[in-house]
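Only one structure is covered here, and it is reproduced in the block below.
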2 protein chains.
Amino acid sequence: MARPADPAGGGRREETHHGGDMGTGRNTRTIEWLGDAVRLIDQTRLPRELVHKETRDYRDIAESIRRLEVRGAPAIGVAAAMGIALAALEHKALGLSRFRTEVASAAGLLNSTRPTAVNLGWAVARMLEVLRDPALGDPGEAVRRLTAEALAICEEDRELSRRIGEHGASLIDDGDGVLTHCNAGGLATAEYGTALAVIFAAVEQGKKIRAFADETRPLLQGARLTTWEFLQKGIDVTLLCDSAAASAMARGWVTKVVVGADRIARNGDVANKVGTFPLALAAREHGVPFYVAAPFTTLDASLGSGALIPIEERDASEVTDIQGVRVAPRGVSVYNPAFDVTPSRLVTAIITDAGIFAAPYEETLFRDRRGLEA
Amino acid sequence: MARPADPAGGGRREETHHGGDMGTGRNTRTIEWLGDAVRLIDQTRLPRELVHKETRDYRDIAESIRRLEVRGAPAIGVAAAMGIALAALEHKALGLSRFRTEVASAAGLLNSTRPTAVNLGWAVARMLEVLRDPALGDPGEAVRRLTAEALAICEEDRELSRRIGEHGASLIDDGDGVLTHCNAGGLATAEYGTALAVIFAAVEQGKKIRAFADETRPLLQGARLTTWEFLQKGIDVTLLCDSAAASAMARGWVTKVVVGADRIARNGDVANKVGTFPLALAAREHGVPFYVAAPFTTLDASLGSGALIPIEERDASEVTDIQGVRVAPRGVSVYNPAFDVTPSRLVTAIITDAGIFAAPYEETLFRDRRGLEA
């Protein structure tokens, strides 16, 4: 695909693919650095159409994160890092001091887009470390190093996902029914995923798996994205309402649960998409192992427990309106948290890039992988 | 409102009310007998418009039950009884023997519309008892008695709802946050409701209540109907996704849960709208009392446990399509149970028209109220 014709300015571009070329090669890369622009899949349009957005403006990246065009804790981190690299390009003509101020301000904007996923703050902090390096000679050098850092974060995330898959696959048996919530797949990361990486790797090992995808209200990431990823890989997947997961367990169909995470506190409490906590309760009730898969970038050593994790509340219209149609009466109040907190006592194990950890997480997981520190 | 102009045939008629006259008087009666026709609210159109359907054809009633235009276990029973009365009117010119065959066949059709709510089978059985009475002289007498029986079932259901409200209100305290699932209100019964009757009665006693309504995927009865009923009565209500109920409990907002039931087995296991079981698990986790409100017509003494209750599975499109828009990719499998079974050990008490019962239900509730027998 060609770059925008006009290399100046923060042009934003859309390209739509229908049918045949979906799911092949780079068209399904969640996010990609094009040298002077970022290209990402607009996930709000899936599965109906595969639309790529391309931009040179970090403000567009911030907007894409806010609107969930790019979502999933690791992918948000990658997007923010690339957004900061775009800001660096935009301001490279300035003097170093002014350059630093402008890029830091862009980083602040990107960091403020969503509060719960700690990977966002982690990636921004890593970029700011480069920006503040006293050894930086000029904006030109800063641009090169910031771009390299963003690419490294993206490349490392791919690698983290692969390792999570390899470690986690050992927990999945031939014949398992594996249920997941929301989308913790290739679309939520640079590639491959976290929870879905575990299932993908098990399938690659030749294990026969029946996958179950919660639809994940209100924004239906499970119905729209997770089923799509499974079907792309030819894996048998059954979609169900979030409220039917306990019934699927009661029928004995679900033998493992694997979900992703947006932030993990020092005691092992897990913030993840709303609906994860009731799923963990249902898993305990049925003796079904409940696994969380996440890279070390999701750990937050600065928070002692999940009660301290900020939980994003999103607009009421996500619940009252579906596909642009109002379903609830005017005047109703709405509670719309995007995430919930699963107490660590309900978590059988946490699958990371460094291996599989069990409670007490502060002494196992956080000793091995310190994650973000206060 | 005038009857259909042509009194012959099974004419079906629609009437729409917008805005101003919603919620007043007979316009909000769930179902009504008009002497030779049945008038019911098409609940699939709420809350956007209040549409009444009027018909003299029992086949339309069967279709309305199947499509959930009339829904809720007690209301389905009333609708089926009135449908049988319509069949009797339709066939009143036949000889008694042929009349009995035709009306019994209509009863069979109505009884087959939905499998889980036992109130349906109960109401049909009660009508068939009249139909089979050897003392019946002729179809004319049968029509009179069947019509009277259907009206009695409807009138009794109103009375049962009132009594459930009165008994249940004693369990609700001033300042409670009460969460409910699906719609067990006036729209699910002849009037007033079961679970909602408890809340309505508590409010009528002057208690200040904050109501929470699960949206209830896939058909959104909570978002569409329950919020509407609360707003009609001026009661503060907060809508939330089914998966956010556990979070609302964790925040301490929900201090009681009250739900309806479609069938209660002899051991106290409760079949109700899918999502009730995970709600009960979340309630136990948070020490929140979990109440089931239902008339004796919901009891099924013929089934020893909930495992024997037939659970209706509905069409995949209810999950894959929302408001006519496809949200999931083609080729995905779907699991769409309409109900689930909550084990009686998770039920704090069952509120009935005859009072409040606690476990062991076989010795308390089923001794007092035998319900439908094998």
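Convention: sequence-line order gives letters A, B, ...; per-chain numbering from 1.
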Hey, which of [options] has the most heavy atom pairs under 4.5 Å with chain B?
options	result
A:I311, A:V332, A:L240	A:V332
A:F339, A:F277, A:F230	A:F277
A:D340, A:T227, A:V325	A:V325

Of all the heavy-atom pairs spanning [X] and [Y], show the shortest one and how long it is.
X	Y	value
A:D236	B:S333	OD1-OG, 4.1 Å
B:P278	A:A246	CD-CB, 4.0 Å
A:A328	B:P47	C-CG, 3.9 Å
A:A282	B:L281	CA-CD1, 3.8 Å

For A:R345, all residues meeting salt bridge (Lys or Arg N to Asp or Glu O under 4.0 Å), sequence neighbours excluded:
B:E285
Using non-hydrogen atoms only, which part of B:A213 is less than 4.5 Å away from chain A: side chain, backbone, both, or neither?
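For B:A213, no heavy atom lies under 4.5 Å from chain A.
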Is B:R284 in contact with chain A via its backbone, its side chain, both, or neither, using a 4.5 Å heavy-atom distance?
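Contact with chain A involves the side chain of B:R284 alone.
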For [X], which atoms come within 4.5 Å of any heavy atom of chain B: side chain, backbone, both, or neither?
X	answer
A:P218	both
A:R251	side chain
A:A307	neither

Which residues in [range] have any heavy atom closer than 4.5 Å to a heavy atom of chain B?
range	result
residues 312-322 of chain A	A:E313, A:V319, A:T320, A:I322
residues 264-276 of chain A	A:V274, A:G275
residues 176-186 of chain A	none

Evaluate B:W253 against A:Y335 for side chain to side chain contact (heavy atoms under 4.5 Å, CB included), listing each step before the verdict.
CA-CA 11 Å; B:W253 293 342; A:Y335 171 51; 3.4 Å; yes
Go through the steps for A:R217 and B:D242 under the test side chain to side chain contact (heavy atoms under 4.5 Å, CB included), then give the verdict.
CA-CA 8 Å; A:R217 278 285 287 153; B:D242 306 321; over 6 Å; no
